[in-house]
Amino acid sequence: MFSLINHNSFGIDAKTENFIELKSDDEIDKIFETFNWETKFFILGGGSNVLFTDHYDGTIIHVNNKGKSIIEESENDLLIEVAAGEVWEDFVEWAVKNRYYGAENLALIPGQCGSAPVQNIGAYGLEAKDIIHSVNFREIPSGAKKTILANECNFAYRDSIFKNELKNRALITSVVFKLSKRPSSNVTYRSLKEAFEKKNISNPTPEQIYQTVVDIRREKLPDHREIGNGGSFFKNPVISQEKFSKLLEQYPDLVHWKVDNGKYKLASAQLIDKCGWKAYRNGDAGVHPKQALVLVNYGNASGSEIWNMAKKIQADVLKNFGVSIEPEVIILP
């Protein structure tokens, strides 16, 4: 049995029967020649968005290839192909240092680049879909090389074709990002906007945005290398206008964003906080004291203990607000 403790950001000591790491194109070729895709498997990136509630009785396939290359360049823009195994936060830092702009709002998000399109990761007013040009993958089980353009990926809030139609049918090998050589500022997100207002900066540079996002994340969120966590555990729920109006009458301070079709997105963190869960701890399973959306492993919590706590939080939010909050984290097995 292979321990996955170093392959998930919660630091859960789950084990698997079989662990295959893919570091090169040759190893990726080989798995399509030798692996039985009809058996149980899970394709694992950086493990930053996964909670193992028990041992995994199948094969974990860990994509860990490396490499970055500029494949197309114009006066203003460039396309950069990034291997799926590249660490996301390292890629964003590299891009900003090289003055390739557009990804800076997504600084310090844990995980690997190959996971970005699967989850359509997002933060501070930007989502991965906004900078993805295309995704390269190997078709399961044939191994055929395929490319899918961003507009074919069915990107939605923390969702994509890779979590639905192509689930267990695609092994992502690289992602092509479209970045800009010309700096621009995306400071629409409230906490980011407020941070620059405090600094009296009206038109921040991408470098300043990158550093400010890093500072905000470090202040609000625990480093998974110090305290096990999977970042935001729950998605922000989207509700009808009618439901929103009723809740706003009861809770005038309700944090919200207007989204498509007259619906409203609420802040799960606020709902959880209002239910009294912030800073809650039971043994080594807990809710972070600075961010109610982050469930943590203080040392030796099991995945099932964290998941049981999460289900109690869900039930409490539903009871108090009539709103269902769904996990953003993938629950295994």
Side-chain angles (χ1 to χ4, degrees), residues 1-17 19 42 44-58 60 62 89 108-112 115 118-119 121 123 158 163 216-237 255 266-333:
M1 297 289 277
F2 182 90
S3 174
L4 297 167
I5 193 167
N6 295 319
H7 291 279
N8 70 95
S9 60
F10 273 104
I12 303 297
D13 191 18
K15 294 177 174 61
T16 184
E17 292 181 2
F19 183 87
F42 181 77
L44 182 71
S48 62
N49 202 47
V50 175
L51 177 65
F52 288 99
T53 61
D54 204 342
H55 301 312
Y56 189 78
D57 61 340
I60 295 290
H62 176 46
E89 53 188 293
L108 220 64
I109 294 176
Q112 292 180 336
S115 304
V118 178
Q119 183 73 358
I121 59 172
R158 302 298 175 269
K163 294 177 81 171
I216 292 172
R217 290 186 72 93
R218 283 180 174 159
E219 180 187 346
K220 288 186 175 181
L221 302 172
D223 187 333
H224 67 86
R225 288 160 287 222
E226 297 171 7
I227 302 174
N229 74 91
S232 298
F233 195 93
F234 297 102
K235 298 177 186 178
N236 289 324
V255 175
L266 304 182
S268 285
Q270 186 189 39
L271 304 182
I272 296 166
D273 192 4
K274 283 182 176 291
C275 289
W277 283 95
K278 197 173 187 179
Y280 171 87
R281 179 170 179 172
N282 183 10
D284 277 352
V287 179
H288 196 259
K290 289 186 178 179
Q291 173 52 272
L293 203 52
V294 178
L295 309 191
V296 297
N297 173 13
Y298 283 108
N300 295 306
S302 68
S304 59
E305 287 173 329
I306 292 172
W307 180 224
N308 286 335
M309 180 178 66
K311 287 187 284 189
K312 290 177 182 176
I313 292 171
Q314 283 180 304
D316 224 8
V317 170
L318 183 61
K319 177 184 173 184
N320 285 281
F321 297 96
V323 173
S324 296
I325 54 172
E326 299 301 323
E328 182 174 320
V329 170
I330 296 167
I331 311 299
L332 287 177

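Since this is a predicted model, take the numbers as computed values, not measurements.
The nearest pair of heavy atoms linking Tyr298 to Gly286 is CE1-CA, 4.1 Å. When all heavy atoms of Met1 and Lys15 are compared, the pair lying nearest together is CE-CB, 3.9 Å. Of all non-hydrogen atoms in Gly11 and Ile5, the two that sit nearest each other are O-CG1, 3.6 Å. Nearest heavy-atom pair across Asp54 and Ala14 is O-CB, 3.7 Å. Nearest heavy-atom pair across Ala269 and Ala292 is O-CB, 3.6 Å. Here the closest non-hydrogen pair linking Leu266 and Asn236 is O-CB, 3.0 Å.
Formation of a donor-acceptor pair under 3.5 Å by the Thr16 side chain with backbone atoms of Gly58 is found in this model. Remark: the backbone N or O of Ala285 is not paired with any side-chain donor or acceptor of Asn297 at under 3.5 angstrom. Of the possible donor and acceptor atoms, one in the side chain of Lys163 sits under 3.5 Å from a partner among the backbone N and O of Arg158. Distance alone, capped at 3.5 Å, places no donor-acceptor pair between the Asp316 side chain and the Lys312 backbone. In this structure, the side chain of His62 engages the main chain of Gly45 through a donor-acceptor pair within 3.5 Å. Without hydrogens or angle criteria, Ser232 side chain to Phe234 main chain gives no donor-acceptor distance under 3.5 Å.
By the 4.5 Å heavy-atom criterion applied to side chains, Phe10 and His224 are not counted as neighbours. Between Arg281 and Pro289 there is no side-chain heavy-atom pair separated by less than 4.5 Å. Taking 4.5 Å as the limit, every side-chain heavy atom of Phe233 sits out of range of all side-chain heavy atoms of Glu328. Residues Gln119 and Asn49 are in side-chain contact: their nearest non-hydrogen atoms beyond the backbone lie under 4.5 Å apart. Glu17 is not listed as a side-chain neighbour of His55, based on a closest heavy-atom distance of 4.5 Å or more. Considering only heavy atoms from C-beta on, Ile60 stays 4.5 Å or farther from His7 through its side chain. The side-chain heavy atoms of Ser9 and Asn229, taken from C-beta on, include no pair separated by under 4.5 Å. At a threshold of 4.5 Å between non-hydrogen side-chain atoms, the residues Ser268 and Pro237 count as touching.
Here Tyr280 contributes atom OH and Ile313 contributes atom CD1; the two are 8.5 Å apart, rounded to the nearest 0.5 Å. Atom CG of Leu4 and atom CZ of Phe42 lie 10.5 Å apart (nearest 0.5 Å). Atoms CG and CD, from Asp273 and Gln270 in turn, are 8.0 Å apart once rounded to the nearest 0.5 Å. For the atom pair CD of Glu305 and CG of Asn300, the computed distance is 9.5 Å after rounding to the nearest 0.5 Å. To the nearest 0.5 angstrom, Phe321 atom CZ is 10.0 Å from Ile272 atom CD1. To the nearest 0.5 Å, the span separating CZ on Phe19 from OG on Ser3 amounts to 10.0 Å.
Using a 3.5 Å distance cut-off with no hydrogens or angles, the side chains of Gln291 and Lys278 do not pair a donor with an acceptor.
When each of Ile12, Leu295, Asn8, Leu332 is checked for a side-chain contact (heavy atoms from CB on, under 4.5 Å) with Leu51, only Ile12 meets the rule.
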Determine whether Val323 and Leu318 satisfy the following criterion, side chain to side chain contact (heavy atoms under 4.5 Å, CB included), listing intermediate values before the conclusion.
CA-CA 5 Å; Val323 173; Leu318 183 61; 5.9 Å; no
Apply side chain to side chain contact (heavy atoms under 4.5 Å, CB included) to Trp277 and Met309, showing your working.
CA-CA 10 Å; Trp277 283 95; Met309 180 178 66; 4.1 Å; yes
Show, in sequence, the C-alpha distance, side-chain angles and deciding distance for Leu44 and Val50, and conclude whether the side chain to side chain contact (heavy atoms under 4.5 Å, CB included) test is met.
CA-CA 9 Å; Leu44 182 71; Val50 175; 4.1 Å; yes
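Counting heavy-atom neighbours within 6.0 Å of Asp223 CG, excluding the residue itself, gives a total above 12.
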